[in-house]
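Here is the structure we will look at, set down as structure tokens.
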Amino acid sequence: MDLYEYQARELLSEQGINAPEGVYARTTDEAVEAAERIGYPCVVKAQVRIGHRGQAGGVKLAGNRDEVRACAQQILPMTISGHEVNGVLIAEAKNVLHEYYVSISLDRSSRDFDVLATANGGTEVEEIAREHPESVKRLHISALEDFNLEAARRMAQSIGFYHADIDQAAEVLLRMWRCFKTNDATLVEINPLAKVGEPDDEASKSLSALDAKISLDDNAAFRHDGWKRFASAATANPLERRAKEHGLHYVHLDGQVGVIGNGAGLVMSSLDAVHGAGVAQGTGAAPANFLDIGGGASAEVMSESLSIVLSDPQVKSVFINIYGGITACDQVAEGICSAMDKLNASKPIVVRFDGNAAVEGLEILKALDNPNLVVRSTMEEAAEEAARLAYAGKEGK
Ligand code: GDP
Ligand code: MN
């Protein structure tokens with residue numbers, strides 16, 4: 001689960017990481033009230049679970065009450081890269097002297113934790129890595145060894161924090177690590193970790209977290225009371241919410257081909273096959289979602305899954321890939337028929353069945369005699385057909 005900035009800040013502050021004072025507001029009036037409390041100048045920041053808000057006009061500086069009102073009125077109705085703004089954070093504006101970037105993330109391949117950092121922060125780290133690859137340091141925290149202040153200090157030094165900032169940076173690294181571990185996070189990122197203060201007043205200078213991004217490991221939710229404290233804002237995508245209510249594993253993606261399968265591995269392979277077909281066909285057809293109906297899915301589960309995928313306006317065709325094991329293909333076929341019946345579906349659906357009751361399942365589909373339903377015998381053929389149909393339009397069928 002990805003947290004909003006205002007939620008991520010809570011977790012950082014619980015570990016004692018310094019950040020400008022900030023208040024979350026849902027409405028323009030609340031934003032003005034918050035700014036009156038915090039003082040001016042302040043920053044008005046869109047709360048969306050996506051980066052690059054600054055470039056998209058979602059982060060603005062306001063010098064007085066009227067400007068806060070104007071900024072909030074402008075930012076609250078915004079949609080940034082397809083994400084609706086969920087509120088604004090009003091934060092005390094700081095005088096920025098320098099920007100660093102620091103993140104800790106889970107590295108599944110090396111089975112430890114990656115610390116990515118640069119003394120050239122501010123913009124997105126991908127951009128920095130492109131332009132100044134030598135300035136981005138990738139270090140590791142071992143899963144088995146203790147990461148202490150001494151180790152954090154050595155790390156801060158090798159990242160290239162300026163001499164005056166090293167002690168504070170080591171503290172921040174250590175506290176970020178505690179935040180990561182205590183909350184079972186998969187990512188804790190501060191960009192910018194800014195040096196703020198007045199240029200000619202040493203005592204006023206300090207490192208401050210001006211932005212915060214945290215992802216939590218969903219598999220650890222049971223250890224954190226299901227993250228109820230963050231729940232109200234969770235799953236903003238209505239299709240993801242509906243899938244969750246039905247206990248389905250669904251992730252919304254950017255493409256046009258709905259993908260449904262049984263077993264996470266098979267669904268992942270299906271996504272790759274669709275993507276590959278889109279590249280080969282030169283259309284750029286890509287998966288619109290990941291949906292795993294799980295093992296032993298009933299006709300009802302299949303029917304609900306197909307309804308969810310078909311109700312996505314982005315979806316132009318659907319690829320259903322079932323390898324029957326505990327799941328019986330005839331049950332899945334019943335589910336497909338009932339959903340197509342109920343929805344009067346007009347989008348093309350390509351099915352590939354193999355394994356348990358595949359023959360019976362194909363018989364059921366054949367009996368439906370619906371021109372929108374196409375059967376292919378391998379995953380590749382089915383993916384190619386679904387990708388092609390997504391771009392074929394009505395006349396292409
Ligand atoms: P992002 O674009 O989504 O990463 O949003 P950020 O919270 O990182 O804000 C974008 C940029 O706005 C930052 O990189 C800073 O340069 C700038 N910014 C944010 N807060 C302040 C502030 O208090 N003072 C100043 N001067 N700049 C700020
Ligand atoms: Mn940022």
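- Side-chain atoms of S204 come within 3.5 Å of backbone atoms of E198 as a donor-acceptor pair (strictly under, hydrogens ignored).
- Remark: the H252 side chain and the D312 side chain contain an N/O donor-acceptor pair separated by less than 3.5 Å.
- Side-chain contact check for L12 versus V188: some heavy-atom pair is nearer than 4.5 Å.
- Residues I190 and I17 are in side-chain contact: their nearest non-hydrogen atoms beyond the backbone lie under 4.5 Å apart.
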Practice task
Might you work through the salt bridge (charged side-chain N to carboxylate O under 4.0 Å, His left out) test for E363 and K366, ending with a clear yes or no?
Solution key: CA-CA 5 Å; E363 283 298 321; K366 199 166 163 199; 5.2 Å; no
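- Tested against Y6 for a side chain to side chain contact (heavy atoms under 4.5 Å, CB included), the candidates V88, V23, N86 yield a single pass: N86.
- Considering every non-hydrogen atom in both Y40 and A62, the closest pair reads CD2-O, 4.2 Å.
- Two residues are said to be in side-chain contact when any heavy atoms from C-beta on lie closer than 4.5 Å; E360 and C329 fail this criterion.
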Problem - Test side chain to side chain contact (heavy atoms under 4.5 Å, CB included) applied to S307 and R242, step by step - result: CA-CA 10 Å; S307 308; R242 183 171 154 199; 3.4 Å; yes
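- Under a hydrophobic-cluster definition in which Ile, Leu, Val, Met, Phe, Trp and Tyr are linked whenever side-chain heavy atoms come within less than 4.5 Å, directly or via other members, L389 and V351 are assigned to different clusters.
- Counting all heavy atoms, side chain and backbone alike, K316 lies closest to P313 at NZ-O, 3.2 Å.
- In this structure the side chain of M302 reaches within 4.5 angstrom of the side chain of I260, judged on heavy atoms.
- Judged by distance alone, the side chains of S208 and N18 never bring a donor and an acceptor atom under 3.5 Å apart.
- Judged by distance alone, the side chain of Q7 and the main-chain N or O of Y4 form a donor-acceptor pair under 3.5 Å.
- Taking CD1 of I166 as the reference point, atom CD of Q168 lies at 12.0 Å (rounded to 0.5 Å).
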Problem - Test side chain to side chain donor-acceptor pair (under 3.5 Å) applied to E189 and Y101, step by step - result: CA-CA 8 Å; E189 180 192 86; Y101 167 95; 2.9 Å; yes
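- The shortest side-chain heavy-atom distance between N64 and E67 falls under the 4.5 Å cut-off.
- Note on V318: it does not cluster hydrophobically with V374, by side-chain heavy-atom contacts below 4.5 Å among ILVMFWY residues.
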Exercise for the section: Apply the test side chain to side chain donor-acceptor pair (under 3.5 Å) to residues D29 and T27: give CA-CA distance (whole Å), side-chain angles for both, the deciding distance (0.1 Å), then the verdict. Expected result: CA-CA 5 Å; D29 286 343; T27 64; 5.5 Å; no
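- Pairs passing the salt bridge (Lys or Arg N to Asp or Glu O under 4.0 Å) check and including a residue from residues 326-335, sequence neighbours excluded, do not occur.
- To the nearest 0.5 Å, atom CG of residue L306 and atom CD1 of residue I349 are 4.5 Å apart.
- One side chain, H224 or D184, offers a donor N or O that lies under 3.5 Å from an acceptor on the other.
- The backbone N or O of A386 sits less than 3.5 Å from a side-chain atom of S317, completing a donor-acceptor pair.
- Formation of a donor-acceptor pair under 3.5 Å by the T327 side chain with backbone atoms of G324 is not found in this model.
- With contacts defined as side-chain heavy-atom distances shorter than 4.5 Å, the pair F180/I141 does not qualify.
- A donor-acceptor contact shorter than 3.5 Å is absent between the side chain of E99 and the backbone of N191.
- A side-chain N or O of S109 and one of D107 form a donor-acceptor pair less than 3.5 Å apart.
- F290 approaches M268 most closely through the heavy-atom pair CE1-SD, 3.7 Å.
- For the pair L291/H249, no side-chain contact is recorded, criterion being any heavy-atom separation below 4.5 Å from C-beta on.
- Taking the charged nitrogens against the carboxylate oxygens, R352 and D354 do have a contact shorter than 4.0 Å, which makes a salt bridge.
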Problem - Trace of the salt bridge (charged side-chain N to carboxylate O under 4.0 Å, His left out) decision for E14 with R229 - result: CA-CA 14 Å; E14 283 167 17; R229 62 193 283 199; 2.6 Å; yes
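- Side chains of D112 and S110: a donor on one and an acceptor on the other come within 3.5 Å.
- By the 4.5 Å heavy-atom criterion applied to side chains, R153 and D167 are counted as neighbours.
- With hydrogens and angles disregarded, a donor-acceptor distance shorter than 3.5 Å links the side chain of R53 to the backbone of A46.
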